[in-house]
J.: 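Below you'll find the structure I mean.
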Amino acid sequence: MVVTRFAPSPTGYLHVGGARTAMFNWLFAKSMGGKFILRIEDTDTKRNTPTAAQQVIDDLRWLGINWDEGPEIGGHNGPYLQSERLEIYSKYIKQLLDEGKAYYCFDTPEELAQMRDLAAKEKRSSVYARPENFPTEADVESARAAGRPITVRFAVPQDKPIVIQDIIRGEVTFAPEEIGDFIIQKSDGFPTYHMAVVIDDELMEVTHVIRGQEHLMNTPGHQTLQQALGFRVPQYAHMSVTVSDSGGKLSKRERPKTLKTAIKAVQNPDLQAIADAGGISLEDIELFLKGKMVPDMPVINDIAEFLNVHLPEINVVDFNKNGYLPETMVNFLGMLGWSTSDDREVMTLEEQIECFDIKRLAKSNSLFDRKKLMSFNTEHIRMVSPEKLLAHFKAYLQCCDSPLKDAPDDLLARLLTVTEGARTLAEIEAKTRFIVLPDDQIEYIPKVVKKVLLKHDALNMLAVVRDRLVALDELTAESIEAALRKITEEKQVGLGKVAQPLRVAICGNTVSPSIFDSVTILGIDRTVKRINLTIEKFTQSSTEVQ
RNA sequence: GGUCCCAUCGUCUAGUCGGGCCUAGGACACCGGGUUUUCAACCCGGCAACAGGGGUUCGAAUCCCCUUGGGACUACCA
């Protein structure tokens, strides 16, 4: 049976690159009738944050990626948090040590940095120089007494080239002398990623490892380790990386990068104010601009907000907050570096699973195109069932704290029917929120008022419109349309001259659903009230402008 | 610097393994037109690519080599 896994390290929200990796592992497992495991790789005690694992879990759930074994649900090969598997790793590390396949090291970080510098100066790859004789337990004791760090390195067999069989890339060969003896146990006693991943994939019976190309260089190390431990070698598939339109790997780094560019684009920026906005020192800002320091994400976000800079969405939650459907994300991410053989692109999840073929994963890197994502979202908003769309919309309203968040389901469902063709849930919200605002709290856009209300006798037209609407026996989209069209005939004007002032009167903007639907949903009383308030408010300024 | 990966329209890609069916297909974006009460959506049309150079071959986007360009890694991070 096919067993795949997604093994994120909990350092923050799930970003789109990680989501894509998870996607393909999940898709492959599902398409093969196999199993998908979620494992949390929290062996880095310095970087992990307590809430991050939960964030990643929440993001995967939002995407609809469910796991057969993992946190919250368990499984027969658990635990699924690496921090709870320490004694397992210790056992295998001891085994390697006893068999003379691994050895202790006592180098300090400074000494290691020196060796690397020297290698760089001599223009060769920096591989660790293996000692002729491995340190003994007695050496360990004296190192411990001397306060030196104690790590364990795997002695990479040097006898033959290491050949990786990769589903995407074919055969990739590495010279063993290029693979340095890497650390498998850190001085804090935790295993490194390399050790933990090899053991867990074996014990969890993982058959296929689908991961980013950035891991290709780790694979010869992992493979030699598997062989030294007598493990199976799983099938590997190293996917192309998703790069960002600002160049380089699409990652968390992109947000700071964009912000830096934005600050530099400002003429004579007030660096002190920027520093204050982020709650950091002026020196830090300068270091950041010089590329010598990257502030934490909350700081980045605060400064971006202060400067009114739009940072690219990079985390899955950002797309959620900006009104994208999980169906869109799963579909779009699944199309980055993968394609069908028949030109199909916009698909349901079921269709994606049904036609998934791991061999069709692309070799070359791809750029994350937000415009295409937007187009996918438009299609998915159109495609999902009304019930599902309503559920998504309600969840969205809660998360962006919209005035619509307490609106009843039937109203929301109604709003969704009159906003067909919308590109995001955010657009739907922006277009329809005027419905629930108090009548005297409409935010009139100044530019729009000037263009629509203060010209062509628009306020008088509004009064006419009001009187005709009041006179209607019943208020339906059809009756409203008939009434307004009658006015256009009588006054010999286009519908825009009649409809636009009305639109601005009820929602303060030129953007709304169809004016007929808008008035119908608002109801005659509130429509009249808003018209009156509008006439009252702008009659004065109208004369001033003239 | 070293190691490894990659290379088709602006972007995502089909075609590459098993050379002819490719005057290179689709989608997004863009441009033009249509529809229209606004924003969208929608309909029609258009622009647009085999990185360069050498081979192999009757024939190369497809196979080989070189160059160039892009990317990843180069941690007691994962």
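Chain A is the first sequence line, chain B the second, and so forth, proteins listed ahead of strands; every chain is numbered from 1.
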J.: Does A:Ser240 make a side-chain N or O approach to OP1 or OP2 of B:rG71 shorter than 4.0 Å?
T.: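 Checking B:rG71 against A:Ser240, no side-chain N or O comes under 4.0 Å of OP1 or OP2.
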J.: Give each protein N/O atom lying under 3.5 Å from an N/O atom of nucleotides 74-78 of chain B, with the pair distance.
T.:
{"from": "B:rA75", "atom 1": "OP2", "to": "A:Arg116", "atom 2": "NE", "distance (Å)": "3.2"}
{"from": "B:rC76", "atom 1": "O2", "to": "A:Ser187", "atom 2": "N", "distance (Å)": "2.6"}
{"from": "B:rC76", "atom 1": "O2", "to": "A:Ser187", "atom 2": "OG", "distance (Å)": "2.7"}
{"from": "B:rC76", "atom 1": "N3", "to": "A:Ser187", "atom 2": "OG", "distance (Å)": "3.0"}
{"from": "B:rC76", "atom 1": "N4", "to": "A:Asp107", "atom 2": "O", "distance (Å)": "2.9"}
{"from": "B:rC77", "atom 1": "OP2", "to": "A:Lys186", "atom 2": "NZ", "distance (Å)": "3.0"}
{"from": "B:rC77", "atom 1": "O2'", "to": "A:Asp44", "atom 2": "OD2", "distance (Å)": "2.8"}
{"from": "B:rC77", "atom 1": "O2'", "to": "A:Arg47", "atom 2": "NE", "distance (Å)": "3.3"}
{"from": "B:rC77", "atom 1": "O2'", "to": "A:Arg47", "atom 2": "NH2", "distance (Å)": "3.3"}
{"from": "B:rA78", "atom 1": "OP1", "to": "A:Thr43", "atom 2": "OG1", "distance (Å)": "2.9"}
{"from": "B:rA78", "atom 1": "OP1", "to": "A:Lys186", "atom 2": "NZ", "distance (Å)": "2.6"}
{"from": "B:rA78", "atom 1": "OP2", "to": "A:Tyr193", "atom 2": "N", "distance (Å)": "3.2"}
{"from": "B:rA78", "atom 1": "O3'", "to": "A:Glu41", "atom 2": "OE1", "distance (Å)": "2.9"}
{"from": "B:rA78", "atom 1": "O2'", "to": "A:Ser9", "atom 2": "OG", "distance (Å)": "3.4"}
{"from": "B:rA78", "atom 1": "N6", "to": "A:Asn218", "atom 2": "OD1", "distance (Å)": "3.3"}

J.: Heavy-atom count check: over 12 atoms from other residues, nucleotides or ligands less than 6.0 Å from A:Glu443 CD?
T.: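 No.
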J.: With a 4.5 Å limit on heavy-atom distance, are the side chains of A:Pro191 and A:Thr43 in contact?
T.: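 Touching, per the 4.5 Å side-chain cut-off.
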J.: For the pair made of NZ in A:Lys451 and C1' in B:rU38, what is the distance, rounded to whole Å?
T.: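 The answer, rounded to whole Å, is 9 Å.
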J.: Under 3.5 Å, is there a donor-acceptor pair linking the side chains of A:Arg503 and A:Gln500?
T.: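 Present: a donor and an acceptor within the cut-off.
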J.: Distance check needed: B:rU16 C1' versus A:Lys359 NZ, whole Å only.
T.: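 It is 16 Å, rounded to the nearest whole Å.
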J.: B:rU16 and B:rA61: how far apart are their P atoms, nearest whole angstrom?
T.: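 13 Å, rounded to whole Å.
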J.: B:rU38 C1' sits how many Å from A:Lys497 NZ, rounded?
T.: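 Taking atom C1' of B:rU38 as the reference, NZ of A:Lys497 is at 13 Å.
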J.: Could you measure between the two C1' atoms, the one in B:rA7 and the one in B:rG52, and give it in whole Å?
T.: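 Those two atoms are separated by 12 Å.
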J.: Is the closest side-chain donor-acceptor distance between A:Thr424 and A:Asn377 under 3.5 Å?
T.: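 No pair is found: no donor N or O on one side chain lies under 3.5 Å from an acceptor on the other.
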J.: For ring pair (Phe, Tyr, Trp, His ring centres under 6.0 Å), just list the numbers for A:Phe538 and A:Tyr444, CA-CA rounded to whole Å, side-chain angles, deciding distance to a tenth of an Å, and then say yes or no.
T.: CA-CA 11 Å; A:Phe538 295 108; A:Tyr444 298 92; 5.1 Å; yes
J.: Between B:rU36 atom C1' and A:Phe516 atom CZ, what is the distance in whole Å?
T.: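 Rounded to whole Å, this separation is 11 Å.
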J.: Mind checking the C1' distance from B:rA49 to B:rC43? Whole angstroms is fine.
T.: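 Straight-line distance between the two C1' atoms is 27 Å.
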J.: By nearest nucleotide on RNA chain B, pick out whichever of A:Glu178 and A:Ala422 is the more 5' one.
T.: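 Taking each residue's closest nucleotide, the earlier one in sequence belongs to A:Glu178.
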J.: For A:Arg360, answer base if it contacts any base atom (sugar-phosphate contacts may also be present), sugar-phosphate if it contacts only those atoms, and nothing otherwise; contact means non-hydrogen atoms under 4.0 Å.
T.: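 If one applies the 4.0 Å heavy-atom cut-off, A:Arg360 turns out to touch the sugar-phosphate alone, with no base involved.
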J.: Could A:Glu489 and A:Arg485 be called an ion pair, given the rule that one side-chain N must be under 4.0 Å from one carboxylate O?
T.: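 A salt bridge is absent here (no side-chain N lies under 4.0 Å from a carboxylate O).
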J.: Below 6.0 angstrom between ring centroids: does that apply to A:Phe356 and A:Trp338?
T.: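 Ring centroids of A:Phe356 and A:Trp338 are less than 6.0 Å from each other.
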J.: Distance between the P atoms of B:rG45 and B:rA40, in whole angstroms?
T.: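 B:rG45 and B:rA40 have their P atoms separated by 23 Å.
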J.: What's A:Glu481 touching, base or sugar-phosphate or nothing? Going by heavy atoms closer than 4.0 Å.
T.: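 Touches nothing.
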J.: Rounded to the Å, how far apart are A:Leu484 CG and B:rU37 P?
T.: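 It is 11 Å, rounded to the nearest whole Å.
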J.: If B:rA27 has a Watson-Crick or G-U wobble mate with both distances under 3.5 Å, name it; if not, just say none.
T.: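 B:rU11 - that is the nucleotide pairing with B:rA27, both distances being under 3.5 Å.
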J.: Just to be sure I understand the rule, does A:Leu336 reach a base, reach only the sugar-phosphate, or reach nothing, if contact means heavy atoms closer than 4.0 Å?
T.: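 A:Leu336: backbone/sugar contact only, no base atoms under 4.0 Å.
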J.: Determine the Euclidean distance between corresponding P atoms of B:rG53 and B:rU62; express it in Å to zero decimal places.
T.: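 Result for the P pair: 12 Å, nearest Å.
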J.: Once you round it to whole Å, what is the distance between P of B:rC17 and CG of A:Asp166?
T.: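 It works out to 19 Å between those atoms.
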J.: Please list, for nucleotides 25-31 of chain B, all pairs of protein and nucleotide N/O atoms separated by less than 3.5 Å.
T.:
{"from": "B:rG25", "atom 1": "N2", "to": "A:Asp343", "atom 2": "OD1", "distance (Å)": "3.3"}
{"from": "B:rG26", "atom 1": "N2", "to": "A:Glu345", "atom 2": "OE2", "distance (Å)": "3.1"}
{"from": "B:rA27", "atom 1": "O2'", "to": "A:Glu345", "atom 2": "OE1", "distance (Å)": "2.6"}
{"from": "B:rA27", "atom 1": "N3", "to": "A:Lys372", "atom 2": "NZ", "distance (Å)": "2.8"}
{"from": "B:rC28", "atom 1": "O2'", "to": "A:Lys372", "atom 2": "N", "distance (Å)": "3.3"}

J.: For A:Tyr193 and A:His222, I'd like to know if the aromatic rings sit close, meaning centre-to-centre distance below 6.0 Å.
T.: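 They qualify: ring centres under 6.0 Å apart.
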J.: With a non-hydrogen cut-off below 4.0 angstrom, is A:Glu420 in contact with a base, only sugar-phosphate, or nothing?
T.: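 Base, at least one base heavy atom under 4.0 Å.
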J.: Using the P atoms only, state how far B:rC63 lies from B:rC5, rounded to an integer number of Å.
T.: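 The same atom, P, in both gives a distance of 16 Å.
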J.: Is the A:Phe368-A:Phe319 ring centre distance short of 6.0 angstrom?
T.: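 Close enough - the centres of the two rings lie under 6.0 Å apart.
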J.: Fit a plane to each ring of A:His380 and A:Phe376, take the angle between them on a 0 to 90° scale, and name the class: parallel (under 30°), tilted (30 to 60°) or perpendicular (over 60°).
T.: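 Geometry flag for A:Phe376 against A:His380: tilted rings.
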J.: Quick one: do the A:Thr520 and A:Arg414 side chains pair a donor with an acceptor below 3.5 Å?
T.: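 No, because no side-chain N or O of A:Thr520 sits under 3.5 Å from a partner of the opposite role on A:Arg414.
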J.: What distance, rounded to whole Å, do you find between the two P atoms, one in B:rA48 and one in B:rA24?
T.: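 After rounding to an integer number of Å, I get 11 Å for this pair.
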J.: Would you indicate what A:Arg485 reaches in the nucleic acid, counting non-hydrogen atoms under 4.0 angstrom: base, sugar-phosphate, or nothing?
T.: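 It contacts sugar-phosphate atoms only.
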J.: Identify each atom pair where a protein N or O and an N or O of nucleotides 4-7 of chain B are less than 3.5 Å apart, giving names and distance.
T.:
{"from": "B:rC5", "atom 1": "O2'", "to": "A:Arg169", "atom 2": "NH1", "distance (Å)": "2.5"}

J.: Closer than 4.0 angstrom, basic N to acidic O: yes or no for A:Asp357 and A:Lys359?
T.: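 The answer is no: the pair does not qualify as a salt bridge.
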J.: How would you label the contact of A:Gly337 with the nucleic acid (heavy atoms, under 4.0 Å): base, sugar-phosphate, or nothing?
T.: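 Sugar-phosphate contact only.
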J.: Verify the distance criterion only: is there a donor paired with an acceptor across the side chains of A:Arg211 and A:Thr219 at less than 3.5 Å?
T.: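 A:Thr219 and A:Arg211 do have a side-chain donor-acceptor pair below 3.5 Å.
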J.: Return the CG to OG distance between A:Asp44 and A:Ser83, rounded to the nearest 0.5 Å.
T.: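 The CG atom of A:Asp44 sits 12.0 Å away from the OG atom of A:Ser83.
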J.: Applying a 3.5 Å limit to both distances, which nucleotide forms a Watson-Crick or G-U wobble pair with B:rU57?
T.: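 Because no pair has both required distances under 3.5 Å, B:rU57 counts as unpaired.
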J.: In whole angstrom, give the distance that lies between atom CZ of A:Phe332 and atom C1' of B:rU13.
T.: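 Checked: the CZ to C1' distance equals 12 Å.
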J.: Kindly point out which of B:rC39, B:rU37, B:rU13 is positioned nearest to the side chain of A:Lys431?
T.: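 The listed nucleotide nearest to A:Lys431's side chain is B:rC39.
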J.: Taking atom C1' of B:rU37 as reference, at what distance in whole Å does atom NZ of A:Lys491 sit?
T.: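 That distance rounds to 18 Å.
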J.: Could you please name the partner base of B:rA72, counting Watson-Crick and G-U wobble pairs only when both distances are under 3.5 Å?
T.: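 Base partner found: B:rU3.
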J.: Pairing check on B:rA51: which nucleotide meets the Watson-Crick or G-U wobble criteria with it, both distances under 3.5 Å?
T.: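 Its partner is B:rU67.
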J.: For B:rC42, what is the paired nucleotide under Watson-Crick or G-U wobble rules, both distances under 3.5 Å?
T.: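 B:rC42 is paired with B:rG34.
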J.: For nucleotides B:rA51 and B:rC4, find the distance between their P atoms and express it as a whole number of Å.
T.: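 Nearest-Å result for B:rA51 against B:rC4 at atom P: 23 Å.
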